[in-house]
Amino acid sequence: MQAPLWRSRGVQSLVGVTALGFVSYFLTLASLPAYAVAGGAAESTAGVVTAVFLVVTIAVQSVVPAFVNRFGTGPVFVAGLLALGVPAPFYVLDDGVAWISALSAVRGAGFAVITVLGATLAARVAPPERRGESIGLYGLAIALPNMAAVPVGVALVLSGHIGVLSWLAAAPVLGLVFLPALLRAAGGREEPAPAGNARAAVRAALAPSLVLFVVTTAGGGFVTFLPIDRPGGLLATAALLLWGLTGALTRWRAGVLADRLGTALLLPLSVLVGAVGLAVTGAGLWWGAGWVLLGAALFGAGFGAVQNLTLLRAFARAGERGTTAASALWNASFDAGTAAGALLLGFAYGAAGLPWTFVVSAVVLAAVLPLAQAAARAPLTRG
């Protein structure tokens, strides 16, 4: 019987670095716009802070593979941890949108490095036959801080403790302690990949990344507009909590199932579960709260599993020497989809209302099933 993978020193180091990096991100995700509004910014401009962060993140993600080829995984990862953590204590100096956005731009560059290289190393710290389990533990190290840090960050700002928030958001610096063991377990410096190999890896990872983009677009709209449409009571809070909980569980366990069963059935099934869940959520806004909660749980289950399985497929199709390029594309698709959901579904919400927006989004998810089946096929390239 195989020993649990989480007992591996490399996996423990991966979880430590990942959790510290994402705690910083989630602590400030919703709290910084609130901090700006408390400082006098208009509510309509507070979202600029998050937009700047994500735009810089997506831009830098595209060049991380080139930086790794030039400088090596270790130095680039160190720079990312410092860029994400070191500016955070300086938020306390000013609550203006311009100052917060400037610091967030630097931190967005650091976050880009953490996301790309964290996913890449998650694929390297375990044997190939247990890669899905490793990626699942990596996803769990992201999902748990998500559930805890977002409300904590908002509570700290609303209670006037921006100083505490700022120093807690410097947590990625502590990740430097775990980095040497992680790099040793992952095999040290990545062998530079030729430019043609990187382009081939991107093409190979395109199908699963497009599936992820569509699913995260739906997710971005879900988390953005459900609280707006149902501002009173506990329905939106409970639905988002269930969505996050089931997503965390399936993002973790889907990898273990993929190691045993493969992804040919699991990836399309996960997309279908997500589509059904989103449709039930939309209809539940007409039918009653119980249906909304059921739909949120199902959508979360599909959403979490798709994250794990698309990353696993992106790596498998890109080959061993294409993991960093595939990770960059996958992460950019995730962040771009989240941003697109908040923007594009906002137009649909304004025109047709939230129930129809969710139902139509579910139909779009179902239409992605053929692409999910194609993404789950055998690798196109081998490293």
Please answer whether the main-chain N or O of [Y] pairs with a side-chain N or O of [X] as donor and acceptor at a distance below 3.5 Å.
X: Ser31; Y: Val154; value: no
X: Thr18; Y: Ala141; value: no
X: Gln61; Y: Ala112; value: no
X: Ser333; Y: Leu329; value: yes
X: Asp335; Y: Ile58; value: no

What are the two closest heavy atoms between [X] and [Y], and how far apart are they?
X: Val276; Y: Leu298; value: CG1-CD1, 4.5 Å
X: Gly74; Y: Leu179; value: O-CD2, 4.2 Å
X: Arg317; Y: Ala374; value: NH1-O, 3.2 Å
X: Glu133; Y: Asp259; value: N-OD2, 2.9 Å
X: Ser24; Y: Ala169; value: OG-O, 2.6 Å

Q: Taking atom CZ of Phe67 as the centre, report whether more than 12 heavy atoms of other residues, nucleotides or ligands fall under 6.0 Å from it.
A: no
Q: State whether the number of non-hydrogen atoms from other residues, nucleotides or ligands found under 6.0 Å of Trp167 atom CH2 is greater than 12.
A: no
Q | Residue pair Tyr91, Tyr35: steps toward the ring pair (Phe, Tyr, Trp, His ring centres under 6.0 Å) verdict | A | CA-CA 10 Å; Tyr91 281 125; Tyr35 177 47; 7.3 Å; no
**Q.** Partner of Pro208 under side chain to side chain contact (heavy atoms under 4.5 Å, CB included), chosen from Leu309, Leu312, Val306, Thr310
**A.** Thr310
**Q.** Thr28 and Arg107 side chains, donor-acceptor separation under 3.5 Å
**A.** yes
Could you tell me whether the side chain of [Y] reaches within less than 4.5 Å of the side chain of [X], counting heavy atoms only?
X: Leu212; Y: Val215; value: no
X: Phe299; Y: Leu365; value: yes
X: Val214; Y: Val364; value: yes
X: Asn308; Y: Trp252; value: no
X: Leu29; Y: Phe53; value: no

Q.
Tell me if the centroids of the rings in Phe111 and Phe22 come within less than 6.0 Å of each other.
A. yes
Q: Would you check if the distance from the ring center of Phe213 to the ring center of Phe334 is below 6.0 Å?
A: no
